[in-house]
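Everything on this sheet refers to the single structure shown next.
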Amino acid sequence: MARCIFHIDLDAFFVSAEEVLNPELKGKPVIVGGDPKCRGVVASASYEARTYGIRAGMPLAKARCLCPQAIFIRSHFPLYKDNSDKFIKILGAFSPHIEPLGLDEAYLDVTGYEEPYGSPEKLALAIKQRINKELNITASVGIATCKVIAKIASDLSKPDGLLEIVPGEEQSFLNPLPIAILPGVGKKTEQALNDMGITTIRELARLPLDTIKGQFGATGAVLYSYARGIDDRKVEMPGESKSISQELTFVRDTLDRKFIEANLHSLCQEVCQDLCRQNKRAKCIAIKLRYADFKTVTRQVTLKEASDVTRVVFTTTQQLLIKALTQQKKPVRLIGIRISSLVCKGKQLPMFDSGTKKPEHLDKAIDKIRSKYGSSAIQTGNGSSSKGNQGKF
Ligand code: DCP
Ligand code: CA
């Protein structure tokens, strides 16, 4: 039996939440992200602001150039979290099979649950109405037999949309769409496919599996399926995090290695505290550097032994940093760290004492104190307060 999957996504979420508190904002170009005189990027733009070319992720200063009359608002995360919790609760009243993604979107497997409503479309309308009534925010819904098509359908239907791709229509729906719409096709993959003369999903779907796998490896195999509207992924509650990341944008671009290192150390402390809370260790460690010209590089290594020790993570990232800074001598705008390949503690313990016992105990104690009393409760020699806007990798 074909599945009935919904992808539900709140429209201009942060902006919409702000408009509920201040209805005068409605119908105006509104940008949530902060003061355009400060550094930072657009988190959410109202649909009116988007008509000026403003998009999420764009520097606030650029957004102000595009639309000087726009209203800029700082983010209020507790407000968004509250709305997000209510949103997920509403969805739970319609089907128990929910997979939340971020704060404002979710997949819902409603197979069988649509019957009392008469059709999937009527069920989707009931969900949209309920969200609108309780949150005063519009949502867009994509309906399809699998996740990837439901997601594309909701994106294309925005704002306040509803788009159903009925079983059997998947391929004809996908065919004319640009490849960049497929999840997994980032800028690099898009360029590589363009270089092969492929711009639409129709063209992508004509590529033999061997060719696409040879070019893009495992991602290629996934794209091969998606381009044919095949996606067997279940709707399920996400497991524990697969990676942990932190990043910060400096108030001023800098070439000062010691300063960058001190901030990197703070980020390492934070991700290691997170690791400790999750009772995990990480094997893969990466740094991200964004330069003043917005060129972004990442450097990554895999540890011989998984670790959750700040000192180990910091030393590793410090080496990556020094290498990157030696290769590119440009002022740095942003630094980030991501640790992945997380393993539960107890697994992959070192077979031999590698002589790191003492610092590990020390770091463990420091990490414990920090997770209980906060980052500033104790400082080590490398400690430094972060001078920038902190966020995720
Ligand atoms: N967000 C952010 N930074 C980004 C992208 C998003 O902080 N670069 C936040 C703000 C958004 C929220 O996540 O309101 C949801 O992201 P969406 O991509 O769903 O964007 P919106 O809900 O704002 O708009 P849309 O109507 O396109 O869904
Ligand atoms: Ca959204």
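Along the sequence shown, residues carry numbers from 1. As the structure lists them, so they are numbered: ligands from 1, and atoms in each ligand from 1.
Counting heavy atoms of neighbouring residues, nucleotides and ligands inside a 6.0 Å radius, atom NZ of K213 does not exceed 12 of them. When the shell of 6.0 Å around CD of E121 is examined, it contains 12 or fewer heavy atoms from other residues, nucleotides or ligands.
Around ligand 1, the residues contributing at least one heavy atom under 4.0 Å from the ligand are D9, L10, D11, A12, F13, F14, A43, S44, Y47, R50, A56, G57, D104, K158.
Not a single donor-acceptor pair under 3.5 Å links the side chain of S84 to the backbone N or O of Y80.
Only protein N, O or S atoms were considered, and those under 3.0 Å from the Ca ion (ligand 2) are D9 OD1, L10 O, D104 OD2.
A salt bridge (charged side-chain N to carboxylate O under 4.0 Å, His left out) check over residues 18-32, counting only residues at least two apart or in different chains, returns nothing.
With values rounded to the nearest 0.5 angstrom, R74 atom CZ is found 9.0 Å from C38 atom SG.
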Report all side-chain donor-acceptor pairs from residues 8-15 shorter than 3.5 Å, counting only partners two or more places apart or in another chain.
{"unit_1": "D11", "atom_1": "OD1", "unit_2": "S140", "atom_2": "OG", "d": "2.8"}
{"unit_1": "D11", "atom_1": "OD1", "unit_2": "K158", "atom_2": "NZ", "d": "2.7"}
{"unit_1": "D11", "atom_1": "OD2", "unit_2": "T138", "atom_2": "OG1", "d": "2.7"}
{"unit_1": "D11", "atom_1": "OD2", "unit_2": "D160", "atom_2": "N", "d": "2.7"}

With side-chain contact (heavy atoms from CB on, under 4.5 Å) as the test, would you mind laying out the steps for D35 and F72 before giving the verdict? CA-CA 6 Å; D35 183 345; F72 290 83; over 6 Å; no

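A 4.5 Å side-chain heavy-atom check between K86 and D82 finds at least one atom pair inside the cut-off.
The six-membered or imidazole ring of F259 lies near that of F250, with a centre-to-centre distance under 6.0 Å.
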